[in-house]
Engineer: 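After the structure tokens below, expect a handful of questions from me.
Computed from heavy atoms alone, side chains included, the values below leave out hydrogens, waters and symmetry copies. Numbers for residues simply follow the sequence, beginning at 1. Counting convention: from 1, in listed order, for ligands and their atoms alike.
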Amino acid sequence: MPSLVVVGCQWGDEGKGKIVDYLASQADYVTRFQGGSNAGHTISVGNETYKLRLLPSGVLHRKKLVIANGVVVDPVVLIQEVADVTSRGYSPALALSDRAHVTLSYHQILDAAEEKYKGALRSGTTLRGIGPTYTDKVARYGIRVCDLLDEETLRQKIAQNTPLKQEILASAYKSDSKLDEQQIVSACLKAGEVLSCYVTDTSILLNDALNAGHRVLFEGAQGLMLDIDHGVYPFGTSSNTVAGAVCTGAGIGPTKVDEVLGVVKAYTSRVGAGPVPTELTDDLGSKLQEKGKEFGTVTGRRRRCGWLDAIPLRLAARVNGLTGVALTKMDTLAGFNPVKICVEYRADGRTLRDQPAGLREFSSCNPVYEEMEGWPDQSAAEWAAIAKRGYDALPLQARRYIERIEEIMKVKVKVVSIGEGRDATIHRAEVWPN
Ligand code: GDP
Ligand code: IMO
Ligand code: MG
């Protein structure tokens with residue numbers, strides 16, 4: 001039952017899409033298990049770029065794709081995405097969980113209203129309705145994929161929810177938005193018709209696959225610092241982004257997880273609000289942002305950039321039980337000299353080696369840096385040659401940086417990514433279980 005979970009170790013956008021696509025060549029199934037269309041996972045193959053929000057990043061290898069119960073599904077986005085990849089020659093072999101919760105138009109309206117209401121405490125969400133959909137799930141107001149196929153239940157639930165949402169919007173949030181119950185029902189029924197061919201019990205599907213010895217790759221969305229429990233509360237997302245979420249989000253037992261690969265970007269990036277201790281607000285930060293083309297995949301917002309922070313990395317190793325790391329964007333960090341790693345924080349005269357829980361304390365954390373010699377930038381052709389020759393062809397200073405990350409995380413860096421493309425990847429050690 002070979003299974004491999006891939007998760008982000010920072011604030012999302014670490015390059016999970018690229019790494020999952022790279023690893024998917026050896027998978028039979030690729031599965032999303034949490035998050036929703038707030039995710040934007042980029043895959044570059046040749047001159048083509050794909051930005052996936054709901055479909056797992058195994059689609060270009062024509063693998064079996066699963067959107068499991070823990071995902072919140074915006075049917076409009078999913079239908080559009082299926083049409084897009086199909087028109088580009090990749091008709092997806094998709095299984096969609098009958099238990100996954102559905103994001104409706106009122107969730108997106110509520111998302112915007114809540115952000116406005118929260119003011120300074122807003123997290124700068126992607127406005128895709130993610131928080132309100134998960135809220136409804138936990139409060140037991142949610143619409144599930146199976147409800148899209150059952151008109152009677154659907155009508156009953158929408159009739160319950162719409163006046164309540166309308167009241168909350170008008171009274172609490174002073175919003176002018178008008179919800180149309182009939183329109184919501186018809187949109188759901190239409191979506192159900194299109195998606196019905198994919199709907200199934202994905203927990204049974206995945207357990208059968210694992211028991212038969214098929215290889216299942218689980219693709220995390222977002223990253224550790226956005227996790228609802230372990231991240232920077234309340235600035236993260238509304239789901240658990242850690243590897244443990246694969247059990248509840250895909251309906252498999254913990255004994256079925258073999259390997260956990262954490263994706264780490266060689267520096268820090270953050271799209272959205274909230275404290276980021278190593279953020280560089282000067283020219284250096286802008287240089288990283290520009291060189292790394294750091295714009296949000298979903299919202300197009302500029303990502304805030306800064307030096308690598310060891311505190312989230314140690315936390316990621318611990319709470320995910322990482323068995324390996326894939327390090328990305330080593331080519332972007334090339335040419336910066338020196339390079340810095342934050343190894344601890346100073347706050348109110350104290351030294352902290354772990355992320356504090358309190359928002360005020362975390363906001364007052366100042367990074368304590370360790371400096372290392374940078375490595376020279378290379379042309380695209382030189383990076384390609386290095387990728388072919390392997391790990392030892394990397395500049396010595398780059399290898400020292402990688403090995404320092406291994407010391408900090410106490411986890412082996414098994415994959416090193418030095419470019420957007422599939423080929424710009426160095427395989428250093430086996431990631432899949434034997
Ligand atoms: P994800 O959300 O974790 O899948 O990451 P995104 O796709 O949102 O953002 C990562 C960006 O970095 C994408 O544009 C990728 O094409 C790009 N990328 C990934 N790995 C590398 C790398 O090693 N080098 C460079 N230059 N770009 C990379
Ligand atoms: P991928 O999978 C980066 C951030 C938003 C916001 C907070 C809450 O591409 O790495 P939400 O819409 O989830 O309620 O927003 O989380 N965020 C992400 N940042 N990458 C993502 O996904 C993200 N998904 C959500 O910017 O601060
Ligand atoms: Mg992304």
Engineer: As a test of understanding, state which of Asp74, Thr103, Thr126, Thr133 forms a side chain to side chain donor-acceptor pair (under 3.5 Å) with Gln108.
Structural biologist: Asp74
Engineer: Just by distance, do the side chain of Tyr134 and the backbone of Gly35 share a donor-acceptor pair under 3.5 Å?
Structural biologist: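 Yes, Tyr134 side chain to Gly35 backbone: donor-acceptor pair under 3.5 Å.
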Engineer: Just by distance, with hydrogens left out, do Asn38 and Gln222 show a side-chain donor and acceptor under 3.5 Å apart?
Structural biologist: yes
Engineer: List, ordered by chain and residue number, the protein residues whose closest non-hydrogen atom lies under 4.0 Å from any atom of ligand 2.
Structural biologist: Trp11, Gly12, Asp13, Lys16, Asn38, Ala39, Gly40, His41, Ser123, Gly124, Thr125, Thr126, Ala221, Gln222, Leu226, Phe235, Gly236, Thr237, Arg270, Val271, Gly272, Arg301
Engineer: Between Lys18 and Ser417, do the side chains contain a donor N or O and an acceptor N or O under 3.5 Å apart?
Structural biologist: yes
Engineer: Hey, is the main chain of Leu359 close enough, under 3.5 Å, to the side chain of Glu361 for a donor-acceptor pair?
Structural biologist: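 No: the side chain of Glu361 does not pair with the backbone of Leu359.
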Engineer: Taking Trp383 for its side chain and Gln378 for its backbone only, find out whether a donor-acceptor pair lies under 3.5 Å.
Structural biologist: yes
Engineer: Do any pairs count as a salt bridge (charged side-chain N to carboxylate O under 4.0 Å, His left out) and have a residue in residues 265-286, sequence neighbours left out, and if so which ones?
Structural biologist: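 Sorted result for residues 265-286: Lys265-Glu294, Glu279-Arg304.
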Engineer: Identify whether NZ of Lys or CZ of Arg in Lys329 sits under 6.0 Å from the centre of the six-membered ring of Tyr267 and within 45° of that ring's axis.
Structural biologist: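 Geometry flag: not set, cation outside 6.0 Å or 45°.
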Engineer: With under 30° as parallel and over 60° as perpendicular, where do the rings of Trp307 and Tyr369 fit, or are they tilted in between?
Structural biologist: perpendicular
Engineer: Quick check on side-chain contact (heavy atoms from CB on, under 4.5 Å): which of Gln397, Arg400, Arg399 does Trp375 satisfy it with?
Structural biologist: Gln397
Engineer: Decide whether a cation-pi geometry holds between Lys165 and Tyr141; the criteria are a distance under 6.0 Å from NZ or CZ to the six-membered ring centre and an angle within 45° of the ring axis.
Structural biologist: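 Lys165 over Tyr141 ring: yes.
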Engineer: Do Glu219 and Lys63 sit within salt-bridge range, that is, some charged N less than 4.0 Å from a carboxylate O?
Structural biologist: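 Looking at Glu219 and Lys63, the cut-off is not met.
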Engineer: Who are the residue neighbours of ligand 1 when the rule is a heavy atom under 4.0 Å from any of its atoms?
Structural biologist: Asp13, Glu14, Gly15, Lys16, Gly17, Lys18, Gly40, His41, Thr42, Thr297, Arg303, Thr328, Lys329, Asp331, Thr332, Ser417, Ile418, Gly419, Glu420
Engineer: Everything protein-side that's N, O or S and under 2.8 Å from the Mg ion (ligand 3): list it, residue and atom.
Structural biologist: Asp13 OD1, Gly40 O
Engineer: When you check the gap from the basic side-chain N to the acidic O, do Arg53 and Asp84 get nearer than 4.0 Å?
Structural biologist: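 Looking at Asp84 together with Arg53, the answer is no, because their closest N to O distance does not fall below 4.0 Å.
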